[in-house]
Amino acid sequence: MDKKLLNKELFTKREDAYVNSSTHSNPAALQKISDWLKPTKEQIILDIATGGGQVAKTLAPSAKQVIATDLTPSMLANVRSSLHENDNILFIIADAEELPFLDNSMDSVTCRIAAHHFPNPEKFIQEAYRVLKPGGKCLFVDNIASENELEDQFLNQLEAMRDPSHERAKKISEWKTLFSKNQFTLLQEDIRIKELPFQDWLHRTADTEEARQQVTHFVQTADEKLQKYIRLQKRENDIQSFAIDEWISMWEK
């Protein structure tokens, strides 16, 4: 099956998990996006791969309009049904790597915790650059892998075991190369250590008991250095949580 069709199928099953995810709804992380972008009532903001819609809902009250896009129609429908006051969000089914918008039409573009699902992330960057107005901002957030190869491989294998829609969490150095290659200028960046409650993280995408057991065994039997890398927290033999690094960066066209 085509990877994008597979992703659409998988995310259709998970529509509630992302709208209600405590990880994706972290108030401090969402506030930082608003603080960095400083949206105004004159601006149109494009939120790419909106997922549970948290970024769109955070920015909408301060913007002229937020256009929330996603490849999965039911995900957009679920976000739409969760709205109360933010009627300036427009929902459009769209592929992050083939955006249906005119050149130089957006004041800002956001993409949060989604790009590790994209089969061709450079196309997403090219499209973000294309649709932005000159001087427009692209605010990008994603889980990132270590610059250490073993740690990189471990994290991505762990994510792929839990979630077949996972493509790859890139290193910061890789993202910087792609953004810079496509003419973006880095304005600011930060890293957040993101603690993930293990059961919540596991059940969000691993939908069989066999898959959950395989992931748990993979973590439990990992080398001690790799367990330290993901900041594994256990109580007796039960995994309580682990942590990954989340990178936020803002780029200018």
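Each residue takes its place number in the sequence, starting with 1. Reckoned from all heavy atoms, side chains included, excluding hydrogens, waters and symmetry mates.
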Minimum side-chain heavy-atom gap [X]-[Y] below 4.5 Å:
X      : Y      : value
Glu195 : Ile193 : no
Glu98  : Lys123 : no
Ile92  : Phe101 : yes
Lys253 : Asn104 : yes
Phe198 : Thr216 : yes
Lys181 : Glu122 : yes
Glu167 : Phe118 : no
Trp201 : Glu159 : yes

### Task
I would like to know whether Ile67 and Met106 meet side-chain contact (heavy atoms from CB on, under 4.5 Å); could you show each step before the answer?
CA-CA 10 Å; Ile67 301 174; Met106 302 294 165; 3.6 Å; yes
Using a 6.0 Å cut-off, check whether atom [atom1] of [X] has over 12 heavy atoms from anything other than its own residue.
X      : atom1 : value
Glu224 : CD    : no
Glu210 : CD    : no
Lys234 : NZ    : yes

Please report the shortest heavy-atom distance between [X] and [Y], naming the atom on each side.
X      : Y      : result
Ala60  : Asn88  : O-ND2, 2.7 Å
Ala68  : Leu76  : O-CD2, 3.8 Å
Thr69  : Ala94  : CB-CB, 3.8 Å
His217 : Thr221 : O-OG1, 2.7 Å
Ile89  : Ala56  : CD1-O, 3.7 Å
Pro121 : Lys170 : CG-CE, 3.4 Å

With a 3.5 Å distance limit and no angle check, can you tell me whether [X] reaches the backbone of [Y] through a side-chain donor-acceptor pair?
X      : Y      : answer
Ser82  : Val79  : yes
Asn182 : Leu178 : yes
Gln227 : Gln220 : yes
Asp95  : Glu97  : yes

### Task
With side-chain contact (heavy atoms from CB on, under 4.5 Å) as the test, would you mind laying out the steps for Asp223 and Phe154 before giving the verdict?
CA-CA 10 Å; Asp223 183 271; Phe154 174 71; over 6 Å; no
### Query
In terms of side-chain heavy atoms, does Thr110 have a donor or acceptor partner in Asp47 at a distance below 3.5 Å?
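There is such a pair (donor and acceptor under 3.5 Å, judged by atom type) between the side chains of Thr110 and Asp47.
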### Message
Pairing donors with acceptors under 3.5 angstrom, does anything connect the side chains of Trp251 and Ser249?
### Response
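Yes - a donor-acceptor pair under 3.5 Å links their side chains.
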Rounded at 0.5 Å granularity, tell me how far [atom1] in [X] sits from [atom2] in [Y].
X      : Y      : atom1 : atom2 : result
Ile48  : Leu139 : CD1   : CG    : 11.5 Å
Cys138 : Leu186 : SG    : CG    : 11.0 Å
Gln183 : Gln126 : CD    : CD    : 10.0 Å
Ile248 : Ile144 : CD1   : CD1   : 13.0 Å
Arg162 : Asp207 : CZ    : CG    : 11.0 Å
Ser108 : Leu132 : OG    : CG    : 7.0 Å

### Query
Where does the angle between the aromatic ring planes of Trp175 and Phe179 fall among parallel (under 30°), tilted (30 to 60°) and perpendicular (over 60°)?
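Taking Phe179 first and then Trp175, their aromatic rings sit tilted (interplane angle of 30° to 60°).
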#### Entry: salt bridge (charged side-chain N to carboxylate O under 4.0 Å, His left out) partners of Arg130, counting only residues at least two apart
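Scan of Arg130 (salt bridge (charged side-chain N to carboxylate O under 4.0 Å, His left out), adjacent residues dropped) gives Asp103, Glu127.
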### Message
What verdict does the side-chain contact (heavy atoms from CB on, under 4.5 Å) test give for Ile33 and Val141, after you've listed the backbone C-alpha separation in whole Å, the side-chain angles of each residue and the deciding distance to 0.1 Å?
### Response
CA-CA 9 Å; Ile33 292 172; Val141 184; 4.3 Å; yes
### Query
Hey, any chance Leu150 and Leu232 share a hydrophobic cluster, counting ILVMFWY side chains that come within less than 4.5 Å of each other, even indirectly?
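In one cluster with Leu150: Leu232, no.
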### Query
Between Ile93 and Val55, is there a shared hydrophobic cluster once you connect ILVMFWY residues whose side-chain heavy atoms come closer than 4.5 Å?
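They do share one cluster, since a chain of ILVMFWY contacts under 4.5 Å joins Ile93 to Val55.
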### Query
What do you reckon, are the aromatic ring centroids of Phe242 and Tyr229 less than 6.0 Å apart?
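No; Tyr229 has its ring centre 6.0 Å or more from that of Phe242.
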#### Entry: side-chain hydrogen bond (donor to acceptor under 3.5 Å, both in side chains) partner of Asp245, the single match among Arg192, Lys194, Arg231
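The side-chain hydrogen bond (donor to acceptor under 3.5 Å, both in side chains) with Asp245 is passed solely by Arg231 among Arg192, Lys194, Arg231.
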### Task
Output every pair passing salt bridge (Lys or Arg N to Asp or Glu O under 4.0 Å) with a member in residues 131-157, not counting sequence neighbours, ordered by first then second residue.
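Applying salt bridge (Lys or Arg N to Asp or Glu O under 4.0 Å) to every pair that reaches into residues 131-157, excluding sequence neighbours, yields Asp107-Lys133, Lys137-Glu252, Glu149-Lys171, Asp152-Arg168, Asp152-Lys171.
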### Task
List the steps and the verdict of side-chain contact (heavy atoms from CB on, under 4.5 Å) for Ile113 and Asn143.
CA-CA 6 Å; Ile113 325 179; Asn143 307 329; 3.8 Å; yes
### Residues which pass ring pair (Phe, Tyr, Trp, His ring centres under 6.0 Å) with Tyr129, listed by chain and number, not counting sequence neighbours
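By the ring pair (Phe, Tyr, Trp, His ring centres under 6.0 Å) rule, Tyr129 matches Phe184.
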